[in-house]
Amino acid sequence: MSQSASRTASASNDPGELRREVHSTQPGDLPRVLGGSHAMAIVVGTIIGSGIFLVPTEMMIAVGSSSLVYLAWIVGGLLSLFGAMTYAELGSMTYAGGEYVYLRGAYGDRVGFLYMWTWFAVAKPASIASVTSGLARTLGIFAVFHWLDTQAVGGPLPVMWSQIFAIAVTWLITGLNYLGIKKAGDFQVVFTALKAVLILVVVGFCFTSSHGSWGNFATGLPHATGGINGFMIALIATLWAYDGWNDLTMVAGEIKHPERNLPFALIGGLFVVGALFMATNAAIQFILPAAQIAASPRPAVAALRVVMGPAGAALVAAGMALSIFVTLNGTVMSGARIPFAAARDGLFFPRFAEISPRFQSPAFSLMVQGLLSTVLLLALGRFQQLFELAVFAEWLFYMLTATTVFIYRRRDAKAVRPYRVWGYPVLPAVFVLSAAVVLYSSFAGNLQGSLIGSGLILLGLPLYEWIRRRYGSQEQNPRRA
C-alpha cells in the first residue's frame, strides 16, 4: 500500500475523527446542500432512463415467457439491492468520489487512480454521449424533430443535426450543474417526480384499456434463446436497466446527514424503481402477447399505440425523452466528482480540484467532462464502441468495490459505521460472486472488446506514475473510506 493510503488506513481507525468528517465540511470542500429528497431523486431519476421502455423486447427474445421475464426482473433487482446495501455502508462514511474513495482506501492509490482514469477518460463521457444521442433519436419520433436526422455539415467528416443537438444538451446540463448542485438537485427532484407520474399514467392507461387481456401473460415465444444462456441475457438486460444506483455515492460529500439519507435513498430508491419497472412491464404484457413484444423495437410505444393510437405512442415517446433527460443530469452531476476527489488527494492534475468561488461547484472538472463528451459525440461512430468497452470496466469495478466492505470491517473494526449492511457477510458476498459471473459473461461474449477495455484501463498506469512524481509531494488531507 502506498504511503498516502497507509496514512488513510491509520486515520480511519479513529471513530471520533471519522464521525467529524461525516458531519463537517472543511474549507474548500463542496457544500452539503442536498437533502433526502434530492438523494432519492438522484437514485430514481438516474436509474430510470430508456431501459424500461426497451429491454422487454430483448428479455422476451431471450427467455420466451412472462414468468421468466419477471424472474429476471426480480433477480436483477435483488442483485442491485445487495450492491446498493453494500455501497450504503461505505457511502454513509465518506467524502465525494464514490467508488474511487472506497477503492483507494482499501487497495491504495494505484487502484483508486485506475478507477478514476477509466471513468474520467472513457466510461462517464461515453455514457453522457450515449444518453444525449439517445435523446436525439427518441425526439426524432416526433415530426417536429425530423430535422435531427438530416445533415448539418458536409465534407469528409459530416456532422448530423442530431450530433449538434446532443452536444447542445450536454452543455445545457453541464451549465446547470456549474451553477451549483443545489439547482441541479432541485431540477432532479421536480423532473423525477414528473417522470414517475408519466410512467404511472402509462400503466393506468394500459390496465384500464379494453384492448388488454390477462391471457397475454400465458403466451410464449417458441423460438426463444432459452436455457441458462437465455436467462443470463435477460438478467444482464435488467442489470443494465437498473444501472446508475451507484452514482449517488459520488456526491455523498454534498448530502446532508449522509449517515441517514444515503442508505435510505439507495435502498428505498431501488424499491421505488423496482416497483415502477415491474408495473411498466406488466402493463406492456397486458396489452401485447409475447410474439408482439419480441417483434417490437419499442414495446411500450407499441402498447400505447394499441391503447390510444398515435397520441399514445407520442405520450410514451415524451416519457422516454423526459426519462433520458433526467438521467443525463444525474450522470453529469456524479461524473465530475470523481476526478475532483482524486485531484484533492494529489492523484490528478490540481486544476480538477478547483471549486467555483461563486457557485461552489467543481467547475474545471465539469468543463473537461463536457469537452470529452463533445469529442465522443463528434466521433459518433466510435463512441458506441467505447461505451461497450466501458461495460466490462464497470462490472470489474463494481466487484472490486464491493470487496472493500470486507477489508474495512476487518481492518477498521472500531470505526463508527452510521449504517451496517444487513446480512453481512452473505449479501455482499452474493453481490461479489454475481458481479464476477456477469464480468465473465461480458468477457467471454466480447473477448476482443474486453481485452481492449483492459488495455484502456492499464493505459492509466504510466500516467499515474508521472502524476505521482509530478504532484505527489503536494498531496494533502487524503480522504478515507
Side-chain angles (χ1 to χ4, degrees), residues 1-26 29-30 32 82-116 245-246 248-267 337-338 341-342 344-347 396-433 435 475-481:
M1 182 179 293
S2 67
Q3 182 180 1
S4 60
S6 298
R7 291 197 302 270
T8 293
S10 63
S12 61
N13 285 322
D14 180 356
E17 183 175 353
L18 181 59
R19 181 173 292 278
R20 283 194 297 273
E21 179 169 337
V22 169
H23 289 285
S24 66
T25 301
Q26 300 181 12
D29 286 350
L30 296 169
R32 291 190 183 275
F82 296 165
M85 292 169 68
T86 303
Y87 274 46
E89 176 172 324
L90 301 168
S92 64
M93 303 167 65
T94 62
Y95 189 73
E99 288 119 323
Y100 157 78
V101 180
Y102 319 148
L103 289 166
R104 180 185 177 236
Y107 297 117
D109 290 351
R110 186 173 284 103
V111 174
F113 180 88
L114 288 179
Y115 167 83
M116 182 279 300
W245 50 265
N246 61 312
L248 178 64
T249 64
M250 300 172 192
V251 297
E254 294 154 274
I255 298 174
K256 301 174 184 176
H257 307 294
E259 72 281 1
R260 180 182 69 243
N261 287 329
L262 192 140
F264 177 77
L266 277 173
I267 298 169
R337 270 68 187 171
I338 303 171
R344 286 291 303 270
D345 292 337
L347 293 180
L396 170 64
F397 286 114
Y398 278 175
M399 182 180 68
L400 286 177
T401 301
T403 64
T404 66
V405 73
F406 302 107
I407 294 175
Y408 294 127
R409 283 286 190 104
R410 183 182 68 254
R411 190 186 68 194
D412 306 332
K414 295 182 179 180
V416 175
R417 286 179 168 79
Y419 169 83
R420 288 177 177 264
V421 56
W422 180 84
Y424 178 90
V426 176
L427 295 192
V430 169
F431 179 77
V432 170
L433 291 174
E475 181 179 2
Q476 296 176 359
N477 192 27
R479 304 292 173 181
R480 64 195 63 79

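No hydrogens, no waters, no symmetry mates; every other heavy atom, side chains included, goes into these values. Counting from 1, the numbers follow the sequence of the chain as shown.
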Phe82 side, atom CZ; Trp422 side, atom CH2 - distance, nearest 0.5 Å: 7.5 Å
Angle between ring planes, Phe406 versus Tyr424, binned at 30° and 60°: parallel, tilted or perpendicular? tilted
Do you know which two heavy atoms are closest between Pro263 and Pro258, and how far apart they sit? CD-O, 3.2 Å
Walk me through it: do Ile267 and Tyr419 pass the test side chain to side chain contact (heavy atoms under 4.5 Å, CB included)? CA-CA 12 Å; Ile267 298 169; Tyr419 169 83; 3.2 Å; yes
Search all heavy atoms of Val421 against all heavy atoms of Pro428 and return the closest pair with its distance. CG1-CG, 4.0 Å
Output, in order, the C-alpha distance, side-chain angles, deciding distance and verdict of side chain to side chain contact (heavy atoms under 4.5 Å, CB included) for Arg409 and Arg417. CA-CA 10 Å; Arg409 283 286 190 104; Arg417 286 179 168 79; 3.7 Å; yes
Under the side chain to side chain contact (heavy atoms under 4.5 Å, CB included) criterion, do Asp109 and Arg104 qualify, and how do the steps go? CA-CA 5 Å; Asp109 290 351; Arg104 180 185 177 236; 2.8 Å; yes
Can you tell me how far CD of Glu89 sits from OH of Tyr102, rounded to the nearest 0.5 angstrom? 10.5 Å
Pick out which of Asn246, Thr404, Thr401, Thr249 makes a side chain to side chain donor-acceptor pair (under 3.5 Å) with Glu99. Asn246
Test log, rule side chain to side chain contact (heavy atoms under 4.5 Å, CB included), inputs Ile407 and Tyr107: CA-CA 9 Å; Ile407 294 175; Tyr107 297 117; 3.3 Å; yes
Would you find a donor on one side and an acceptor on the other, under 3.5 Å apart, between the side chain of Tyr408 and the backbone of Ala106? yes
I need the minimum non-hydrogen distance between Met116 and Leu347, along with the two atoms involved. CE-O, 4.3 Å
Would you compute the distance between atom CG of Leu103 and atom CG of Leu400 and round it to the nearest 0.5 angstrom? 6.0 Å
Ignoring hydrogens, what is the shortest heavy-atom contact between Gly253 and Arg32? Give both atom names and the distance. O-CG, 3.2 Å
Minimal heavy-atom distance between Asn261 and Lys256, with the atoms involved, is ND2-O, 2.6 Å
Work out which heavy atom in Met399 is nearest to a heavy atom in Ala435; give both atom names and the distance. CB-CB, 3.8 Å
For the pair Phe431 and Tyr398, name the ring-plane relationship: parallel under 30°, tilted 30 to 60°, perpendicular over 60°. tilted
I'd like to know if the side chain of Glu254 and the backbone of Leu30 have a donor-acceptor N/O pair within less than 3.5 Å. no
